[in-house]
Amino acid sequence: MMTADTTDAAYGATLTIDLDALVSNWRFLGRRAGTEAGAVVKADAYGIGIEPAVTALNRAGCRNFFVAHLSEGIRARKAAPEATVYILNGLLPGSSGIYAEHGLSPVLGSHEELLEWASFRQTGAQVRSAALHVDTAMNRLGLWPGEGLNLAREKSGAIAAADIGLVMSHFASSEDEADPANARQIAAFAEIAAAFPDLPASLKNSSGHFLKDCPSYQLTRPGYALYGGNPTPGKPNPMQPVVGLEATIIQTREVEAGTQVGYNGRWTAKGRRRLATICLGYADGYPRNGSWTDTVTGGSALVGGVTCSFVGSVSMDLIIVDVTDAPEGSAVRGATVTLIGGPLDLETVGAGAKTIGYEILTSLGRRYRRHYIGG
Ligand SMILES: *Cc1c(COP(=O)(O)O)cnc(C)c1O
């Protein structure tokens, strides 16, 4: 007989996404910058779902969205028909027609892209204005600063033909305020922005909002912090949590000292332990590097409010947790445990899996029951 909520029982784990917290994080960053905040919603809005995220932010007044791929831009465009949607990865050869069809804006990152876009515009195609990306540190995407300055000087040239509406650059290490690269990037971009006095400019990602002596220009581009990630690692998190993850215990058992647990017996009980098996695993996006072996520490879950470490390998659909220290009655068949939430914030979960909170967020699986609140 089914007594539990059938919807819950049909899934191993539930992802709760607080769209009100997302919106208030966006407002907070805009206030902090003292300028307009855009929203970076690439990678399915960092795993929380591009449609709900864009819809909620657009309703709250967000007018500028950034994604990585055209396919993501098409989805963002449907959710926010009037907004400007920038494609950070820029113009792939021959893709201008798709930009025109969906009213998307490429972030042009090379001379070749700029010329291709300009000549497409000259065919009379109806397109939105593009952004120009100048690379001030990353050596990844964007024009060299010198190329940017040269373009600014030839006023009637490619820049005018391409109808550029924004000039931007991206921080390489803004989460580390002690990194001297920040000041160098701020100075290099100041020169670029000054060379294009008529164009709005954009520099700040999430952590950029918390750097000293960094102008906000006309538009900021937060991603991670919108979703509750800590833009000031090592300091208290100023953002509200957006994502919570809970899974159900399906079995518990007691094991004696010397018992090996999980695939390949990589964890051995040092004493009598109580174990619980929960139904989520690496196929749900929980990194296998969260495995806890005899030699390597890994991830943990909150059981009855107590942090309990994983045991053995994270398997495809299951994780075993040492619940010996969990409060009486909290680690029973059918009970829920927390994988993301409270003290298990994105940074802590990332560290337990030898990665960063960004990767935890963007890996959030499709198999969860997704429960959206607010928005
Ligand atoms: C991903 C990205 C951002 C957002 O960075 P966060 O650190 O998540 O705030 C901003 N700008 C560019 C160009 C990006 O690629």
Side-chain angles (χ1 to χ4, degrees), residues 36 38-47 49-59 62-135 138-144 147-148 150-152 154-170 192 196 198-202 205 218-221 223 362 366:
E36 191 176 342
V40 180
V41 293
K42 60 194 179 190
D44 202 26
Y46 287 51
I50 195 166
E51 286 83 6
V54 170
T55 303
L57 289 167
N58 192 229
R59 214 175 267 157
C62 183
R63 296 288 171 258
N64 292 276
F65 295 92
F66 295 84
V67 296
H69 299 287
L70 262 176
S71 59
E72 297 173 332
I74 292 168
R75 290 170 62 192
R77 158 65 60 242
K78 287 201 182 108
E82 309 296 329
T84 302
V85 179
Y86 290 104
I87 314 295
L88 291 166
N89 285 1
L91 200 62
L92 281 169
S95 62
S96 299
I98 309 175
Y99 280 90
E101 185 184 340
H102 298 278
L104 301 171
S105 299
V107 176
L108 304 170
S110 70
H111 226 96
E112 271 176 297
E113 290 182 37
L114 187 66
L115 294 177
E116 182 169 335
W117 183 250
S119 55
F120 181 71
R121 280 194 76 241
Q122 271 144 25
T123 65
Q126 288 298 305
V127 290
R128 300 230 187 179
S129 60
L132 188 69
H133 190 174
V134 179
D135 192 331
M138 297 270 275
N139 287 299
R140 188 178 68 165
L141 281 182
L143 297 148
W144 299 108
E147 285 182 292
N150 281 342
L151 282 168
E154 18 176 290
K155 284 258 185 308
S156 57
I159 292 290
D163 183 25
I164 300 298
L166 181 73
V167 60
M168 56 168 267
S169 190
H170 187 42
I192 297 290
F196 293 100
D198 304 331
L199 285 187
S202 174
N205 64 342
Q218 287 71 36
L219 181 66
T220 66
R221 303 187 314 276
T362 55
R366 295 256 129 241

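Note that these values count all heavy atoms, side chains included, but never hydrogens, waters or copies made by symmetry.
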> side-chain contact (heavy atoms from CB on, under 4.5 Å) with Glu72: which residues, sequence neighbours excluded?
Replying inline: Lys42, Ile50, Val67, Ala68, His69

Using every non-hydrogen atom in the two residues, find where [X] and [Y] come nearest and quote the distance to one decimal.
| X | Y | value |
| --- | --- | --- |
| Ser129 | Ser105 | O-OG, 2.8 Å |
| Ile87 | Gly73 | CD1-CA, 3.8 Å |
| Phe196 | Gly148 | CZ-O, 3.5 Å |
| Gly90 | Tyr99 | O-OH, 2.8 Å |
| Gly223 | Tyr46 | CA-OH, 3.5 Å |

> Going through the checks in order, is the side-chain contact (heavy atoms from CB on, under 4.5 Å) test met by Leu91 and Ser96?
Replying inline: CA-CA 7 Å; Leu91 200 62; Ser96 299; 3.8 Å; yes

> Given the rule in the side-chain contact (heavy atoms from CB on, under 4.5 Å) test, do His111 and Leu151 qualify, once you have shown the distances and angles that lead to the verdict?
Replying inline: CA-CA 9 Å; His111 226 96; Leu151 282 168; 3.8 Å; yes

> Checking side-chain contact (heavy atoms from CB on, under 4.5 Å) for the pair Arg128/Thr84: CA distance, chi angles, key distance, verdict?
Replying inline: CA-CA 8 Å; Arg128 300 230 187 179; Thr84 302; 4.1 Å; yes

>> Evaluate Met168 against Leu88 for side-chain contact (heavy atoms from CB on, under 4.5 Å), listing each step before the verdict.
In response: CA-CA 10 Å; Met168 56 168 267; Leu88 291 166; 3.8 Å; yes

>> Quick one about Ser202 and Arg221 (side-chain donor to acceptor, distance below 3.5 Å, no hydrogens or angles considered), yes or no?
In response: yes

Side-chain contact test, heavy atoms from C-beta onward, threshold under 4.5 Å: evaluate it for [X] versus [Y] and give yes or no.
| X | Y | result |
| --- | --- | --- |
| Tyr86 | Leu104 | no |
| Ile164 | Trp117 | no |
| Val167 | Ile192 | yes |
| Trp144 | Asn139 | yes |
| Asn205 | Thr220 | no |
| Asp163 | Arg121 | yes |

>> For Ala80, is there any backbone N or O sitting under 3.5 Å from a side-chain donor or acceptor partner on Arg77?
In response: yes

> Okay, side chain of Ser110, backbone of Glu113: is any donor-acceptor separation there less than 3.5 Å?
Replying inline: yes

Find the distance between [atom1] ([X]) and [atom2] ([Y]) and round it off to the nearest 0.5 Å.
| X | Y | atom1 | atom2 | result |
| --- | --- | --- | --- | --- |
| Leu132 | Glu147 | CG | CD | 9.5 Å |
| Leu166 | Leu108 | CG | CG | 11.0 Å |
| Asn89 | Leu70 | CG | CG | 9.0 Å |
| Asn64 | Glu36 | CG | CD | 5.0 Å |
| Ser95 | Glu116 | OG | CD | 6.5 Å |

Taking distance alone, no hydrogens or angles, what donor-acceptor pairs closer than 3.5 Å link side-chain atoms of residues 52-59 to residues at least two apart or in another chain?
residue, atom, partner, partner atom, Å
Thr55, OG1, Glu51, O, 2.7
Asn58, ND2, Cys62, O, 2.9
Arg59, NH1, Gly375, O, 2.8

>> Looking at Glu82, I'd like to know if its CD atom is crowded, meaning that more than 12 non-hydrogen atoms belonging to other residues, nucleotides or ligands lie closer than 6.0 Å.
In response: no

